[in-house]
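Just below is one structure, and these are the notes that go with it.
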Amino acid sequence: MISVDEHRATVTGLLGTRPAVELPLADCAGLVLAEDVRAKVSLPPFDNSAMDGYAVRSVDVAGATDDSPVTLPVSEDIPAGRTDVPPLLPGTVDRIMTGAPMPTGADSVVIVERTDGGTGEVRIFADAAPGAHIRRTGEDVAAGTVALTAGTVLGPAQLGLASAVGMDRLAVHAPPRVLVVSTGTELVLPPEPLRHGQIYESNSVMLVAALKALGARVESVRSVADDVEQFRAAIEPRLADADLVVTSGGVSAGAYEVVKDALTGAGVEFSKVAMQPGGPQGCGRWNGVPVVTLPGNPVSVLVSFEAFLRPALLASLGHTGVDRQHVRANLTESLESPKGKRQFRRGYYTHSEGQVTGVVGPRGGPGSHLLASFTQANCLIVLPEDVTEVAEGEEVDVLLL
Ligand code: AMP
Ligand code: MG
């Protein structure tokens with residue numbers, strides 16, 4: 001038997017680091033920058049007004065109040081987007097909108113609310129401190145400086161900034177093309193009717209969702225019979241278009257273990273990992289393409305995904321934080337765990353204000369077929385290899401999903 005940590009390291013090594021690729025911004029959400037981004041322009045690119053109002057020389061409105069307003073002629077109307085703004089004529093003001101370029105000569109903005117809003121001339125009821133309501137060139141980002149560093153995860157703010165500094169494409173760690181394969185002669189796809197002895201396929205649905213959420217491009221073969229020839233014929237022609245193949249089922253100790261039978265000796269190693277659920281695991285290369293083989297029970301699939309594939313894939317995509325958040329929590333009921341195996345139980349974690357540690361209650365038993373209870377869980381309770389029982393109230397480690 002190998003340990004959970006050993007197998008995780010093997011899968012992480014197998015997936016390696018994805019190469020850099022340039023993608024349009026719209027395809028970069030959730031991915032990780034592979035190179036620094038230097039600003040092509042300053043942000044803001046020019047001095048502009050932060051408010052709707054009047055661009056003024058502050059000396060021209062000195063002393064203006066509600067009781068003694070200053071009246072000045074309006075020279076120009078400057079909406080956002082105007083590109084031919086002349087210098088401010090002495091003794092006048094320009095009407096200006098938010099985001100419009102400041103005319104040279106103006107050193108302040110009086111907000112429209114402190115005026116009568118005039119267009120030919122305007123009555124101004126407040127003075128203006130020099131520099132008020134002006135956004136200065138480069139105060140957010142200076143042209144030529146690094147706006148985003150390699151390793152940054154591209155969320156909405158990061159993508160917005162990339163566009164704001166002039167980028168239309170970014171170098172990111174290429175999302176892998178993953179082929180998800182479900183094996184099992186018993187598998188039927190909804191809405192086909194079930195015959196006695198058949199079940200509806202669910203593993204590929206879970207894996208596709210979980211992989212897509214990490215940024216992978218995913219295709220699936222949802223039902224391959226437990227027949228080595230059929231398995232090879234269905235998957236081998238598709239290997240050339242995959243960066244990773246993830247299979248479920250057919251890897252344990254019985255007969256008809258199609259994945260094991262087809263891939264043993266073809267570059268994939270099968271082992272027993274000291275965990276529950278999810279013991280039978282495999283990984284390696286098939287015709288050079290990384291393959292991770294998961295057991296068939298749906299809960300084992302999701303737990304294996306959490307334990308191995310999620311951290312390995314995140315690392316391959318350039319993420320540094322690949323672990324789920326861990327917390328300690330007090331168990332609401334006692335639990336047992338097999339000796340020598342790391343047990344992952346589905347749980348529901350709550351934390352009330354004022355509590356030092358949260359509270360976690362198991363959802364469903366240890367059975368790896370109990371998918372419904374997984375849907376009521378928000379965490380995995382992790383019971384280490386050397387633990388065989390934990391009493392109610394004791395502290396356990398919890399992985400927040
Ligand atoms: P196996 O590892 O192939 O022996 O499968 C273990 C258990 O998981 C069996 O009860 C299978 O019917 C079930 N199983 C395997 N693949 C799937 C799947 N894709 N969807 C739902 N259940 C599955
Ligand atoms: Mg099977």
Side-chain angles (χ1 to χ4, degrees), residues 1-2 4 7 11 178-212 216 218-235 238 242 244-264 266 268-284 286 291-309 338 341 343-346 364-377:
M1 268 212 272
I2 57 174
V4 173
H7 192 60
V11 175
V178 184
L179 181 63
V180 169
V181 181
S182 288
T183 67
T185 300
E186 72 278 28
L187 302 178
V188 171
L189 306 188
E192 288 302 306
L194 282 188
R195 301 218 306 272
H196 185 71
Q198 299 180 321
I199 61 168
Y200 286 127
E201 198 280 324
S202 56
N203 290 346
S204 74
V205 176
M206 301 192 288
L207 285 169
V208 168
L211 289 160
K212 278 189 174 168
V218 193
E219 291 192 21
S220 57
V221 176
R222 293 192 57 193
S223 168
V224 181
D226 291 318
D227 175 276
V228 167
E229 286 319 309
Q230 286 185 46
F231 175 80
R232 287 208 190 104
I235 310 308
R238 305 187 62 159
L244 170 66
V245 176
V246 179
T247 66
S248 69
V251 293
S252 45
Y256 308 102
E257 304 293 4
V258 65
V259 175
K260 211 179 200 177
D261 294 345
L263 300 183
T264 297
V268 179
E269 295 266 348
F270 295 90
S271 18
K272 254 194 105 53
V273 177
M275 67 192 286
Q276 188 198 57
Q281 299 284 341
C283 74
W286 183 11
V291 179
V292 175
T293 69
L294 307 180
N297 277 301
V299 173
S300 308
V301 166
L302 275 189
V303 168
S304 308
F305 180 85
E306 284 296 326
F308 310 121
L309 269 175
K341 290 186 180 178
Q343 193 186 43
F344 296 89
R345 292 285 292 263
R346 279 59 62 207
S368 55
H369 59 298
L370 301 172
L371 188 54
S373 42
F374 210 138
T375 68
Q376 290 145 22

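We count ligands from 1, going down the list as the structure has it; atoms in each ligand are counted the same way.
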Student check: side-chain heavy atoms of R238 and V181 closer than 4.5 Å: no
Under-4.0 Å heavy-atom contact with ligand 1, by part of S182 that carries it: side chain
Any F308 side-chain heavy atom under 4.5 Å of V4 side chain: yes
S202 N/O to ligand 1 N/O under 3.5 Å: yes
Test item: E219 side-chain N/O and V221 main-chain N/O as donor-acceptor pair under 3.5 Å: no
Distance filter under 4.0 Å to T183 heavy atoms, resulting ligand 1 atoms: 16 (N)
Donor-acceptor pair, side chain of R346 and main chain of G365, under 3.5 angstrom: yes
For atom 1 (P) of ligand 1, closest protein heavy-atom neighbour: G250 N, 3.8 Å
Heavy-atom nearest neighbour in the protein, as seen from atom 4 (O) of ligand 1, with distance rounded to 0.1 Å: S252 OG, 3.9 Å
Per-residue contact class, V251 against ligand 1 - non-hydrogen pairs under 4.0 Å: neither
Under 3.5 Å: donor-acceptor pair, side chain of N297, backbone of S300: no
Protein heavy-atom partner closest to atom 18 (C) of ligand 1 - residue, atom, separation in Å: N203 ND2, 3.2 Å
Heavy-atom proximity to atom 15 (C) of ligand 1, best of P295, P280, G296: G296
Atoms of ligand 1, numbered as shown, that sit under 4.0 Å from any heavy atom of I199: 12 (O), 21 (C), 22 (N), 23 (C)
Expected output: side-chain D226 to main-chain V258 donor-acceptor under 3.5 Å: no
Residue, atom name and distance, where the atom is the protein heavy atom closest to atom 7 (C) of ligand 1: N297 OD1, 3.3 Å
Whether S223 side chain and V188 backbone form a donor-acceptor pair below 3.5 Å: no
Under 3.5 Å donor-acceptor, Y200 side chain and E192 backbone: yes
Atom 19 (N) of ligand 1: nearest protein contact (heavy atom, Å): E201 OE2, 2.9 Å
Region of E186 engaging ligand 1 - heavy atom pairs below 4.0 Å: side chain
